[in-house]
Amino acid sequence: MPIEVRGLTYTYAAGTPVQVIALDGVSLRIDDGEFLGIIGPTGSGKSTLVQHLNGLLKPQEGAVLVDGVDIWGRGTSLKDVRRRVGLIFQYPEHQIFEETVYEDVAFGPRNLGMPASEVDRRVREAIKLVGLDEGILTRSPFELSGGQMRRVAIAGVLAMGHPTIVLDEPTAGLDPRGRDEILGHIRRLHSERGTTIILVSHNMEDVARLATRIVVMNKGKIVLDGTPREIFGKADVLHRIGLAPPEVTELMRRLRLRGKDVRMDVLTVDEAREEIVRLVRREAGAVHPSGVETRC
Ligand code: ADP
């Protein structure tokens, strides 16, 4: 069920003095099973792009195709598209409104017309998927912590069982522990359920760790598209558009600026350590041609 975006252009307040071109001719294909990270500075068009993927926004120019079918074409049902592509907004807990966690998570599957036994099964599965205990189901969502509320809201979307899930900054405002927990669940959703994931984030570390492919946006256009290694190897481009690469990649860039011959596509702390050990050995070798071992 690939998703294809063709020549998408979108302008807010078009024709007024305050118009903003949010998307400017964006084309992109996302295949089944991908874990795509979309990164870019604030205002680069990420949210506008993903809101097109399940028909929340209608293209002003260009098209969105799901499984080869134009989602705005005649005879296509947007309801059907929204069963295939789920969207988790920024701060999804703001949309919690039911009196119990159970009712809130059950809302989506019920709305899809599922029988009560299936709704029940899905509620319990979804709550486990986000790492919460079934005991929480009878509680009021409004007495939970911020991180728990976020997870309940995410469970409400997961219970609908979309084959593709789009998450727009799902960890915004959470502490590092809450952030790691949510990212862990998203990773499991991809690896265990095989869900296609599209993750919008400005946090390079998160995207570098999880995504199999990264698209970088700037000023309404896609400026880079590749594996995390390829993308973070282009630290100069990221800097130019005001994005800070992961800290280890930045360390390598600074070593390069000092004339050190190190790899630029380092993604993890372990790889950085190896690279620095190699560098120190090489430099020690140059100072001591006898090949004296250097400790580091
Ligand atoms: P990102 O998700 O990368 O931060 P957005 O898609 O939210 O980018 O925004 C792209 C541009 O469109 C920004 O300049 C933003 O100010 C503008 N924009 C977004 N939503 C609206 C809106 N509802 N009305 C007017 N301008 C908007």
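Atoms within each ligand, like the ligands themselves, are counted from 1 in listed order.
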Thr48, Val20, Leu23: member with heavy atom nearest to atom 14 (O) of ligand 1: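 That would be Val20.
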Return the residue, atom name and 0.1 Å-rounded distance of the protein heavy atom closest to [atom].
atom                    : answer
atom 23 (N) of ligand 1 : Tyr12 CE2, 3.7 Å
atom 1 (P) of ligand 1  : Gly43 N, 3.5 Å
atom 3 (O) of ligand 1  : Lys46 NZ, 2.8 Å
atom 8 (O) of ligand 1  : Gly45 N, 3.1 Å
atom 7 (O) of ligand 1  : Ser47 CB, 3.7 Å

Can you name the atoms of ligand 1, numbered from 1 with element, that are less than 4.0 Å from a heavy atom of [X]?
X     : answer
Ser44 : 1 (P), 3 (O), 8 (O)
Ala22 : 10 (C), 11 (C), 12 (O)
Pro41 : 3 (O)
Thr42 : 4 (O)

Would you say the side-chain atoms of Arg253 pair up with the backbone N or O of Asp236, donor to acceptor, closer than 3.5 Å?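 No: the side chain of Arg253 does not pair with the backbone of Asp236.
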Would you tell me whether His190 and Glu34 have side-chain atoms, one donor and one acceptor, within less than 3.5 Å of each other? no
Modelled atom types, side-chain donor and acceptor of Asp24 and Tyr10, under 3.5 Å: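 The criterion, which ignores hydrogens and geometry beyond distance, is not satisfied for Tyr10 and Asp24.
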Taking side chain to side chain contact (heavy atoms under 4.5 Å, CB included) as the criterion, tell me which of Leu56, Val50, Thr48 meets it with His52. Thr48
Quick check on side chain to side chain contact (heavy atoms under 4.5 Å, CB included): which of Met252, Arg229, Glu274 does Arg263 satisfy it with? Arg229
For atom 26 (N) of ligand 1, is there a protein heavy atom at a distance under 4.0 Å? yes
Check whether any heavy atom of Gly40 sits under 4.0 Å from an atom of ligand 1. no
Suppose we call two aromatic rings close when their centres sit under 6.0 Å apart. Are Phe89 and Tyr91 close by that rule? no
Lys/Arg-Asp/Glu bridge criterion (N-O < 4.0 Å) met for Glu118, Arg122: yes
Does a salt bridge link Arg82 with Asp80, judged by any charged N lying under 4.0 Å from a carboxylate O?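 Judged by the 4.0 Å cut-off on N to carboxylate O distance, Arg82 and Asp80 do not form a salt bridge.
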